[in-house]
There are 2 protein chains.
Amino acid sequence: MPRPARTNTAEEILEVASRLVQTRGFNGFSYADVAVEIGTTPAALHYHFATKADLGLALVQRYVSGFRGALDEIRTSLPDGRTRLDAYRDLYLDVLARRRLCLCGMLAAEIATLTEPMRAGIVGFFDDNVAWLEQTIADGNADGSIRAKRGPRETAEAIVGGFEGAMLLAWSHDDPARFRRAADHLLALLTGDPGGK
Amino acid sequence: MPRPARTNTAEEILEVASRLVQTRGFNGFSYADVAVEIGTTPAALHYHFATKADLGLALVQRYVSGFRGALDEIRTSLPDGRTRLDAYRDLYLDVLARRRLCLCGMLAAEIATLTEPMRAGIVGFFDDNVAWLEQTIADGNADGSIRAKRGPRETAEAIVGGFEGAMLLAWSHDDPARFRRAADHLLALLTGDPGGK
DNA sequence: GTCTATAACGAGATAGAC
DNA sequence: GTCTATCTCGTTATAGAC
């Protein structure tokens with residue numbers, strides 16, 4: 001048995017490739033990098049994902065789908081808007097704790113070099129996040145856990161942008177606590193939390 | 001005269017390479033891309049910048065130095081803290097108007113693939129921005145144009161992160177107005193501007 | 001001092017074996 | 001259906017001509 005049985009090679013490839021994209025960028029890794037980690041050859045990978053763009057699209061879809069699941073879970077399990085926003089912040093914090101950047105944040109920077117299907121997936125990720133936050137903020141305004149200073153849509157856009165940027169800064173400084181501080185600061189001000197000062 | 005006289009080839013290279021990095025990332029362009037634009041060969045570029053890492057470091061230093069000059073100009077020409085923050089926002093808006101991303105924001109995402117001198121320059125850029133903002137916010141608190149909800153340092157970090165993220169989102173959506181909205185929203189809340197609601 | 005010719009390597013991809 | 005052997009091209013870099 002020269003190699004452990006591989007029941008789901010495609011998923012193995014996706015997991016390794018996702019980490020590489022989230023740390024090095026789509027143009028910062030090669031099939032060879034993935035191959036060496038899972039113990040195969042670059043050429044073998046082409047059976048599972050014919051082109052690098054195909055692999056990239058699968059990565060985006062997998063990430064979007066995973067994030068969507070986490071958002072649904074937050075909505076069904078947590079009672080009020082403000083608590084849900086903290087859980088949303090924790091999703092980002094978890095990514096940083098694994099020493100990665102948001103897959104779609106990384107790809108957003110490189111978007112000019114990507115195929116149209118990948119672009120659509122990345123833009124869709126942010127739109128989906130904004131829509132979820134918009135609803136969550138509206139819910140929070142209604143249940144009294146939030147007093148947003150501006151409209152739900154504008155507040156939602158500020159949160160996604162603010163979180164992605166805080167993540168990028170924390171990532172480049174290798175300091176997840178920096179994200180936590182900035183995210184809590186933003187959430188407090190955007191949602192009218194009096195705890196600030 | 002097969003080719004126009006070239007008085008400053010190095011600067012020509014830097015200008016083209018900077019645009020390529022700011023739109024495609026450091027791992028998304030090659031010497032060949034630069035060479036074709038300025039009408040020379042990839043190999044010729046190696047005389048001016050021996051390695052790609054050398055070119056990258058020169059790009060960071062040039063960008064940091066240019067931004068530093070703009071910050072100094074804002075401080076000497078504008079009277080109060082709040083007005084200076086608007087001018088700071090306009091620096092980002094100018095980059096987006098030229099259909100580019102912040103050079104250091106782009107490189108921050110790719111930082112794991114870069115040399116140590118480049119990394120230091122990128123981290124230094126953000127630290128320099130935070131320090132300038134910190135002073136500007138302190139000035140604004142003193143001159144009455146700002147009522148920051150939290151400490152100058154924390155506010156400064158939130159602005160840099162918030163602006164970089166808003167820029168990334170506006171960039172990937174190809175919509176500079178989106179940055180303008182988010183940036184003004186953040187500035188208003190962070191600096192205690194009552195104009196919001 | 002500046003660029004040309006060319007090397008050495010790594011990238012993504014293909015054809016066909018099993 | 002899955003992987004091996006191989007290919008072609010693009011990439012960074014060097015050596016040496018001018």
Side-chain angles (χ1 to χ4, degrees), chain A residues 1-21 23-60 106-107 110-119, chain B residues 1-21 23-60 106-107 110 112-118:
Chain A
M1 201 190 286
R3 178 172 62 206
R6 184 177 299 145
T7 56
N8 199 344
T9 309
E11 176 56 29
E12 248 186 285
I13 294 169
L14 288 172
E15 182 47 47
V16 170
S18 187
R19 198 191 70 245
L20 288 170
V21 170
T23 53
R24 304 179 53 87
F26 191 73
N27 297 320
F29 84 103
S30 71
Y31 270 38
D33 296 328
V34 179
V36 71
E37 284 204 48
I38 69 173
T40 183
T41 66
L45 300 185
H46 282 279
Y47 166 70
H48 302 280
F49 300 96
T51 70
K52 199 183 179 190
D54 289 335
L55 171 58
L57 181 58
L59 287 172
V60 170
M106 177 71 87
L107 294 178
E110 301 178 288
I111 202 162
T113 70
L114 306 177
T115 59
E116 182 47 39
M118 284 187 74
R119 293 189 204 201
Chain B
M1 203 187 287
R3 179 171 63 205
R6 184 176 299 147
T7 56
N8 199 345
T9 308
E11 176 56 29
E12 247 184 288
I13 294 168
L14 288 171
E15 181 49 45
V16 170
S18 187
R19 197 192 69 245
L20 289 171
V21 170
T23 53
R24 304 179 52 87
F26 192 73
N27 298 319
F29 85 103
S30 72
Y31 268 39
D33 297 326
V34 179
V36 71
E37 284 205 48
I38 70 173
T40 183
T41 67
L45 299 185
H46 282 278
Y47 166 71
H48 302 279
F49 301 95
T51 70
K52 201 183 177 189
D54 289 336
L55 172 57
L57 182 58
L59 287 173
V60 171
M106 177 71 87
L107 295 178
E110 301 179 288
T113 70
L114 307 176
T115 58
E116 181 47 40
M118 284 187 74

When rounded to whole Å, the CG to P distance for the pair L45(A) and dA11(C) reads 12 Å
Y31(B) (side chain) donor-acceptor with T41(B) (main chain) under 3.5 angstrom: no
Checking E12(B) side chain against I38(B) main chain: does a donor-acceptor pair fall under 3.5 Å? no
Categorize Y31(B) for me: base, sugar-phosphate, or nothing, with a 4.0 angstrom heavy-atom threshold over every strand shown. sugar-phosphate
Rounded interatomic separation in angstrom, taking CZ from F26(A) and C1' from dG12(C): 11 Å
H48(B) side chain N/O closer than 4.0 Å to the phosphate oxygens (OP1, OP2) of dG1(C)? no
Side-chain atoms of A43(A) come closest, of dA5(D), dT11(D), dC3(D), to dA5(D)
Testing the basics here: between K52(B) and N27(B), what is the closest heavy-atom pair and its distance to 0.1 Å? NZ-CA, 4.3 Å
Expressed in angstrom and rounded to an integer, what is the separation of I13(A) atom CD1 from dT2(D) atom C1'? 11 Å
Nearest-Å distance for atom pair NE2/C1', residues H46(A) and dT6(D): 12 Å
Distance, rounded to the nearest Å, where N27(A) contributes CG and dG12(C) contributes C1': 13 Å
Side-chain atoms of S30(B) come closest, of dC3(C), dT11(D), dG1(D), to dT11(D)
Counting only Watson-Crick and G-U wobble pairs with both atom distances below 3.5 Å, the stems of 3 or more consecutive pairs that include DNA chain D are C:1-18 with D:1-18
Does the side chain of T41(A) get closer than 4.0 angstrom to OP1 or OP2 of dT4(D) through an N or O atom? yes
Give the minimum heavy-atom separation between V60(A) and L107(A), together with the two atoms involved. CG2-CD1, 3.5 Å
Hey, which sits more toward the 5' end of DNA chain D by its nearest nucleotide, Y47(A) or A50(B)? Y47(A)
Which residues within residues 51-58 of chain B lie with some heavy atom under 4.0 Å of an atom in DNA chain D? T51(B), K52(B)
Of the non-hydrogen atoms in A44(A) and T40(A), which two are nearest, and what is the gap between them? CB-OG1, 3.2 Å
Answer yes or no: is there a donor N or O on one side and an acceptor on the other, between the side chain of E110(B) and the main chain of F26(B), under 3.5 Å? yes
Measure across R119(A) and L114(A) and return the closest heavy-atom pair with its distance rounded to 0.1 Å. NE-O, 3.2 Å
Considering every strand and a 4.0 Å limit on heavy-atom distances, what is the contact class for F49(B): base, sugar-phosphate, or nothing? nothing
Which pair of heavy atoms, one from A112(B) and one from T23(A), lies closest together, and at what distance? CB-O, 3.3 Å
Please name the pair of heavy atoms, one in S18(B) and one in L59(B), separated by the smallest distance, quoted to 0.1 Å. N-CD2, 3.7 Å
Toward the 5' end of DNA chain C, which comes first, A44(A) or D33(A), by nearest nucleotide? D33(A)
